[in-house]
Amino acid sequence: MCTQKDDYSQQLYEKYRQVIEDYTIQTVLPSLREKHGNDMLEELIKRWNNHKIMVKWLERFFYYLDRYFVPQQALPTLREVGLTCFRDLVYREMHSTAKEAVLALIHKEREGEHIDRELVKNVLDIFVENGIGTLEKYEEDFESFLLQDTASYYSCKVSRWIQEDSCLDYMLKCEECLEKERDRVTYYLHSSTEPKLVEAVKEAFDEILKKDGGSEKLK
């Protein structure tokens, strides 16, 4: 079809995008909208993995377009088109809901509950991968909210600890919490988050000491 006198390359390229968009709108989004909490996160992971497989094989089927038509016309590659469809149609609608669900799981873990860390990691990988080569989506759509939530969480904890604990107990709790936050980076957060997360926790720990009387209470 691409080498005949009547070249169908443009029509095939447009149809490629249309097929992916139609499938995403008609099948993927409805399956996500009807689920909530962990079930929604699991469905999101499944749909993202399926989408990558679909794009991979369609890219192979239409390799001739990528080899000749795309460079000649200076167009996005088939892979870029396929991944952008997911980002613009699925990720854009679902990232806020997914972010809230993940933050809720992290809060539960901080409170001592067991959570599925692999589930959290796989969801956060979607944030990273939908940056398509950058960490922009992960940082703007998840990390910034995580850091705010972390500062708020530990500020509340510190306010209670400072009233109840000795200086030694307070310092031990702070060190324990810092180690647990570093563990979260190891298990499911992006490595670039660690220094920012540690800084947010330390600022929350030091906040009470900056207030009048805070250091006196610790004594």
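Residue R67 comes nearest to P71 through the heavy atom pair O-CG, 3.5 Å, listed as atom of the first residue, atom of the second, then distance. Contact between H95 and R92 at its shortest, heavy atoms only, is CD2-O, 3.4 Å. Residues H51 and G82 come closest through the heavy atom pair NE2-O, 2.7 Å. For the pair L29 and V90, the tightest heavy-atom approach, listed with the atom from each and the gap, is CD2-CA, 4.0 Å. Among all heavy-atom pairs drawn from T193 and L146, the shortest one is CG2-CD2, 4.1 Å. The minimum heavy-atom distance linking C85 with E21 is given by the pair SG-CG, 3.6 Å.
One distance of note links CD1 of I106 with CD1 of I115; it measures 6.5 Å at 0.5 Å rounding. With values rounded to the nearest 0.5 angstrom, R79 atom CZ is found 13.5 Å from L58 atom CG. Taking CD of E43 as the reference point, atom NZ of K35 lies at 4.0 Å (rounded to 0.5 Å). Note: T150 OG1 to K196 NZ = 12.5 Å, rounded to the nearest 0.5 Å. One distance of note links CD1 of I25 with CD of Q18; it measures 10.0 Å at 0.5 Å rounding. For the atom pair CD (E203) and OG (S155), the distance works out to 9.5 Å, reported to the nearest 0.5 Å.
No close placement of the Y13 and F62 rings is indicated, their centers lying 6.0 Å or farther apart.
Proximity of E175 to L172: side-chain heavy atoms (C-beta onward) are nowhere separated by under 4.5 Å. Contact of the T24 side chain with the R47 side chain is not registered, since no non-hydrogen atoms from C-beta on lie closer than 4.5 Å. When side chains are defined from C-beta on, I20 does not count as touching V81, because their heavy atoms never get closer than 4.5 Å. By the 4.5 Å heavy-atom criterion applied to side chains, Y16 and V55 are counted as neighbours. The closest side-chain heavy-atom distance from L178 to K202 is below 4.5 Å. Two residues are said to be in side-chain contact when any heavy atoms from C-beta on lie closer than 4.5 Å; H190 and L124 fail this criterion. Side-chain contact between F142 and L103 is present, with heavy atoms from C-beta onward closer than 4.5 Å. Residues D141 and K99 have side chains not in contact (no heavy-atom distance under 4.5 Å, counting atoms from C-beta outward).
A donor-acceptor contact closer than 3.5 angstrom links the side chains of Q10 and E14. Side chain to side chain, Y138 and S192 fail the donor-acceptor criterion of an N or O pair below 3.5 Å.
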Practice prompt. Test K173 against K157 for side chain to side chain contact (heavy atoms under 4.5 Å, CB included), laying out the working first.
Written response: CA-CA 10 Å; K173 284 184 177 180; K157 288 293 184 182; over 6 Å; no
Worksheet item: Step by step, would you call S144 with E139 a side chain to side chain contact (heavy atoms under 4.5 Å, CB included)?
Response: CA-CA 6 Å; S144 60; E139 291 174 347; over 6 Å; no
Worksheet item: Going through the checks in order, is the side chain to side chain contact (heavy atoms under 4.5 Å, CB included) test met by E113 and H107?
Response: CA-CA 9 Å; E113 294 186 40; H107 181 82; over 6 Å; no
Worksheet item: What's the verdict on side chain to side chain contact (heavy atoms under 4.5 Å, CB included) for W161 and C177, showing C-alpha distance, side-chain angles and the deciding distance?
Response: CA-CA 13 Å; W161 295 344; C177 289; 3.6 Å; yes
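Without hydrogens or angle criteria, Q26 side chain to Y23 main chain gives no donor-acceptor distance under 3.5 Å. Between the side chain of D66 and the backbone N or O of L78, at least one donor-acceptor pair lies under 3.5 Å. Side-chain N or O atoms of S152 include none that pairs as donor or acceptor with a backbone N or O of D149 at under 3.5 Å. Panel note: side chain N130, backbone I126; a donor-acceptor pair is recorded below 3.5 Å.
Classified by interplanar angle (parallel below 30°, tilted 30° to 60°, perpendicular above 60°), the ring pair Y154/F205 is perpendicular. Between F86 and W48, the two ring planes are tilted [angle within 30° to 60°]. Ring geometry for F61 versus W57: interplanar angle of 30 to 60°, hence tilted.
Considering L105, N38, L189 as possible partners of V120, the one that fulfils the side-chain contact (heavy atoms from CB on, under 4.5 Å) test is L105.
Both V201 and M171 sit in one connected hydrophobic cluster of ILVMFWY residues. Membership requires side-chain heavy atoms under 4.5 Å apart, directly or through other members. Hydrophobic clustering of Ile, Leu, Val, Met, Phe, Trp and Tyr side chains at less than 4.5 Å, counting indirect connections, keeps L83 apart from V19. At a threshold of 4.5 Å between side-chain heavy atoms, the hydrophobic network of Ile, Leu, Val, Met, Phe, Trp and Tyr places I53 and Y63 in two separate groups.
Scanning for side chain to side chain donor-acceptor pair (under 3.5 Å) contacts around R184 gives E109, E181, Y188, with sequence neighbours left out. Annotation: side-chain contact (heavy atoms from CB on, under 4.5 Å) contacts of K56 (sequence neighbours excluded): R60.
Look at E176 and K180 and you find a salt bridge, because one of the NZ, NE, NH1 or NH2 atoms lies within 4.0 Å of a carboxylate O, short of that distance. Salt bridge status for E111 with K108: absent, with no side-chain N to carboxylate O gap under 4.0 Å.
Atom CZ of R110 sits in a crowded spot, with more than 12 heavy atoms from other residues, nucleotides or ligands closer than 6.0 Å.
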